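Here the structure is a predicted model, which means the values were calculated and not measured. Counting convention: from 1, in listed order, for ligands and their atoms alike.
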Amino acid sequence: MKSVAIAGNPNCGKTSLFNNITGANYHVANYPGVTVEKKEAKIKHSGEEFVIVDLPGTYSLSPYSLEEKVARDYVVNEKPDVIINVLDASNLERNLYMFVQFMEMGAPVMAALNMVDVAKLRKINIDIKALGEKLNVPVIETVARENKGTKELLDEVAKFGASQKKSSPLDISYGPDIDEVLVKMETKIKDAGFMTAKYLPRWVALKYLENDEQIVSEGAETGGVHHELSAMAEKLNSHIKTTQKTTAENLIADYRYGYISSILKSVVSHEDSPLDRLYLSDRIDQVLTNKVLGPMIMLGFLYLIYEFTFWASEYPVMWLESLFGWLGGVADAGMSEGLLKSLVTSGIIDGVGGVLGFAPLIL
Ligand code: GDP
Ligand code: MG
């Protein structure tokens, strides 16, 4: 049975697509040992059976969050036959970051270009054919919310799974400094067979340069050329720090984005001038996340919440006070003097009343 993983940024439409593909007939579990939800389903398409898995939504495959770690581990350990990277067509640049990381890993990835309706609405023209050629993978247009493109996507998945000879990994340039060291490290890793059963040599080298905690500590356990690689990575990092005031990891990310924008230049065009491309949520963000205005707006909101709390709880507090006052009066009049009366009026009614008086505020 072929396994298919659906991956992509949060909110790019993975779950909608997953539901279209599986008819929302799936099994929910957790990934082993963590509380990250895993949706899984078996489907049949053109006579073939597939297992489909919805991976957690992440922006990248650098394991900084649990979700990123789960997604990457799944791809590395379970080796799905096909990965459908769902791309939000209205946010291609950001969405392609993860795609580039899949390609660096040599993962069998193809793309579902989703939200093409939103892109159209925003007058973003995407040349799908050119995009597929540049990325060198099949790209299928979908509108997951309207269940459009699902069949075409599955047809392509079936073909991709069958003809896949392991898509050639993407070797992008990270600039002269990094490239030179990367090649040396790659050779060392290849010659020593260091972690090569699981990973591509160039990818391992890249992870050492990025100081990827997970891979580096796995390397430390493996032994082999680990110390040499660490030393090379450290040397390059201190060189980059003195000459460019940054880290290899940041430089690598910059070059990934550079690679992405070089692709998008010939694939994406806007009918409006780019300056008009600030949409409502971007405009709101500009104000809300402004260095000066942002904190002031936050303080304003906190003040409003504070005022609202007292305003909204004023009457309920008064009602409760009079309720307990009345109860106290009833008990006072109806009970004879003594310990029991003292317990009921001063203990229970005053005590519980005093605490309950805060309940409206807390609510
Ligand atoms: P996930 O976070 O990647 O699982 O994304 P979801 O499937 O939950 O989708 C996020 C939101 O985008 C939902 O409100 C969907 O209805 C909506 N959505 C998904 N696909 C499309 C699409 O192709 N076009 C439009 N306009 N909305 C979509
Ligand atoms: Mg989802």
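- Atoms of ligand 1 lying under 4.0 Å from at least one heavy atom of N11, given by number and element, are 1 (P), 2 (O), 3 (O), 5 (O), 10 (C).
- For L17, no nitrogen or oxygen atom sits less than 3.5 Å from a nitrogen or oxygen atom of ligand 1, counting backbone and side chain alike.
- Checked for salt-bridge contact, D155 and K151 meet the test: a charged N lies under 4.0 Å from a carboxylate O.
- Nearest-residue assignment for atom 9 (O) of ligand 1 (options A144, S16, G57, P56; heavy-atom criterion): S16.
- Of the protein's heavy atoms, R145 CD, 3.1 Å lies nearest to atom 16 (O) of ligand 1.
- Under the 4.0 Å criterion applied to side-chain N and carboxylate O atoms, D54 and K38 are not assigned as salt-bridge partners.
- Under a 4.0 Å N-O distance rule, the pair E180/K184 qualifies as a salt bridge.
- Counting heavy atoms from C-beta on, the side chains of E78 and S3 never come closer than 4.5 Å.
- Of all heavy-atom pairs between N77 and K198, the closest is OD1-CE, 3.2 Å.
- Surrounding OH of Y257 are more than 12 heavy atoms belonging to other residues, nucleotides or ligands, all under 6.0 Å away.
- Residues K42 and E49 are not paired through a salt bridge, judged by the lack of any N-O separation under 4.0 Å between the basic side chain and the carboxylate.
- What sits closest to atom 20 (N) of ligand 1 on the protein, heavy atoms only, is N114 ND2, 3.1 Å.
- The shortest N or O to N or O distance between M115 and ligand 1 is below 3.5 Å.
- Residue-to-ligand polar distances keep V118 apart from ligand 1: every N/O pair is separated by 3.5 Å or more.
- Under 2.8 Å from the Mg ion (ligand 2) lies no N/O/S atom of N11, from backbone or side chain alike.
- Looking only at heavy atoms of the protein, atom 24 (N) of ligand 1 is closest to D117 OD1, 2.9 Å.
- The protein non-hydrogen atom at the shortest distance from atom 5 (O) of ligand 1 is G13 N, 3.1 Å.
- Put simply, atom 13 (C) of ligand 1 has no protein non-hydrogen atoms near it, under 4.0 Å away.
- The pair K148-E141 fails the salt-bridge criterion, with no side-chain N (NZ, NE, NH1 or NH2) lying under 4.0 Å from an Asp/Glu carboxylate O.
- Below 4.0 Å from some heavy atom of V143 lie the following atoms of ligand 1, by number and element: 22 (C), 23 (O), 24 (N).
- Centroid-to-centroid, the aromatic rings of F310 and Y306 come within less than 6.0 Å.
- Heavy-atom contacts of T15 reach the following atoms of ligand 1: 1 (P), 4 (O), 7 (O) (cutoff under 4.0 Å).
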